[in-house]
Amino acid sequence: MSRNPNYSLLLTGLGALCLALFAASVLIGPAAIRPGDSLRALSGQGPEMLQLVMRQIRLPRALLALMVGAALGMSGAVMQGFLRNPLAEPGLVGTSASAALGAVLAIQLGLAASFPLALPLAALAGALGSVVLVLLLAGPRGGTMALILAGLAISALAGAATALVLNLSPNPYAASEIIFWMLGSLSDRSMLHVWIAAPFIICGAALLFPTGRGLDALTLGEDAAAASGIDLRQLRLMLVAGTAAMIGGATAVAGTIGFVGLVVPHVLRHAVGARPSRLIAASALGGGAMVLAADIAVRLIAPERDLKLGVLTSIVGAPFFLHLILKTRRLEW
Amino acid sequence: MVNRLTLSRLSCLQDGAAVLEGIDLTISAGEFVGLVGRNGAGKTSLLRAAQGLVPVSGWSSLSELPPHERARAVAFMPQDREIAWPMSVENLVALGRIAHPDAAADADRRATDRAIAALRLEVLRHRNVLGLSGGERARVLIARALAQETPLLVADEPIAGLDPAAQIEVMRLFAGLARQGRAVLASLHDLGLAMRHCTRLVLLDHGRIVADGAPQAVLTRRHLAQSFGITAQITEGEQGWLFQPLDTVTPEPLTISASLPSSPVRNG
């Protein structure tokens, strides 16, 4: 495949945008700290209190926004490429709903209160469970349709179980904690959360990056892809495992953050010449930039009210989704 | 002549029923072979089975190759001409290079350019494929297959849904590729065009090959009646072989039994 200067330019631009937003995210916060002091504190100099704020509060928050956004954008791009559908999103394989169920159970059973890591670990266990179930349900030779149906069934089941847990919640505090967690947020996270999510998101990226050639080939359908030398079974396995690792890791530390995986690949598709392979890296950077920007926005819009990140991305994302549907309808009719 | 595809006792089951039975077929360089037969005769199954895209019993020279080597031996054009994304013609033709992951970027670009030139697509190079006409899209997909640079091309109903000029253009192109030393295997429903342009026809009926040879030897009255259920006029004139389907040989032709409405139906 030939190199394209426009593509390199796009990646450089998105990378620079991520860097700028990352810096802004580190520098913005309720504690009014001058940029110079912030950077000194980050490098381990200056007052201890300042170092603590920068290194234990702001840095992990910015890192998590970048990682979670990259995971959502990248897995969205791969999922859309695999299903050959611009309306596909990473939650289709059931991972987000299952990870949420794991987290909700950890809150409900009181594990999260007694052991802080229980929540992200339970979410990861939920994500892992969903992968095993999807692969079992779709079968070893299962096609794309079987995969989507299995994912939908598991999403519905996890959603129902989450509703049941909420329904049986003994007190309103537990219920509201569950609901707030599910809205998705990056506030009050520490470096520990970064270390929990990072291995999963990195492993997921390592599994999803090499799928580009197969996704390009799938542009012309499954038969054409298989005839181009693509092993579709292996591709499907990498997709399910990679998406689950990324979304499981992201949901475990940030809760449910909707629409990033849907919107980012769609916005960038034209800029990469609609080549699915090129959309992977671009969407990772684009997703990182979007979540970093959204996380800055929630702090600027309502610093006292704890506006949830997932709420903001959905409020911006849902109208965009409607626009997509209307556009698709116009094309089809 | 160099063999490009050999099938030996190839059989294929679908939902417990045999869709192909004991297929023996060899296709050599320089041949443009038309695969003909009724709907459901097994044409698509044969094209897919030959490439190892469905589980089969028997032997195919292609299906025993590892996938990456097979992709350099045969380029496949499926029937539905599905294109998922709004790519430029150039990017779509370049998809043919997926079969050559180790090739240098320069070699990829040259092969893509050659394929674009062969199909006279230069003026459409930067156009969105989804905005092209059916005929143009068919040419782009053939260019994609050419960019794969394989000695064998397999096409499933490549001229279905195209206007007469585009149909003739595609058939001439395949015949030209065969003359240049490639082998082409295409399933076809237009027996007239098949007769005029193919070097050889293979007639499939109920999953078996019932005739294989020169077009005029395959499209005989008996085969047309038995395998297609039609009669036709076949003549050889100055312009080559002419084929005109005339009537069905169904014992009792289908009649419309419902009576017409007595008054015109109005919308509203």
Backbone of A/I280 reached by a side-chain donor or acceptor of A/S283 within 3.5 Å: no

Within residues 136-161 of chain B, residues adjacent to chain A where the heavy-atom gap is under 4.5 Å: B/L141, B/R144, B/Q148

B/H206, NE2 atom: more than 12 neighbouring heavy atoms under 6.0 Å: no

Top of A/N85, A/I230, A/L218 for chain B proximity - count of heavy-atom pairs under 4.5 angstrom: A/N85

Expected output: side-chain B/R70 to main-chain B/Q51 donor-acceptor under 3.5 Å: yes

Listed partners of B/V33 passing side chain to side chain contact (heavy atoms under 4.5 Å, CB included), at least two apart: B/I27, B/E31, B/L185, B/R200, B/V202

Largest heavy-atom contact set with chain B, pairs under 4.5 Å, which of A/V272, A/L232, A/L220: A/L220

N/O donor-acceptor pair under 3.5 Å between A/T243 side chain and A/V240 backbone: no

B/R48 portion near chain A, given a 4.5 angstrom heavy-atom threshold: side chain

Cationic N near anionic O, under 4.0 Å, B/R109 to B/D106: yes

Pair B/D205-B/K43, salt bridge (Lys or Arg N to Asp or Glu O under 4.0 Å): steps then yes or no: CA-CA 9 Å; B/D205 196 359; B/K43 299 188 293 296; over 6 Å; no

Under 4.5 Å from any heavy atom of chain A - which part of B/L65: neither

Heavy-atom side-chain contact between A/P276 and B/M87 under 4.5 Å: yes

Interface moiety of A/D223 toward chain B, non-hydrogen atoms closer than 4.5 Å: both

B/A175: partners by side chain to side chain contact (heavy atoms under 4.5 Å, CB included), with sequence neighbours left out: B/F32, B/R179

B/R208 CZ: over 12 foreign heavy atoms closer than 6.0 Å: no

B/D113 and B/R125 ion-paired at < 4.0 Å: yes

B/W85 six-ring centre to A/R275 NZ/CZ under 6.0 Å and within 45° of normal: no

Heavy-atom contacts under 4.5 Å, residues 74-84 of chain B to chain A: B/V74, B/F76, B/P78, B/E82, B/I83, B/A84

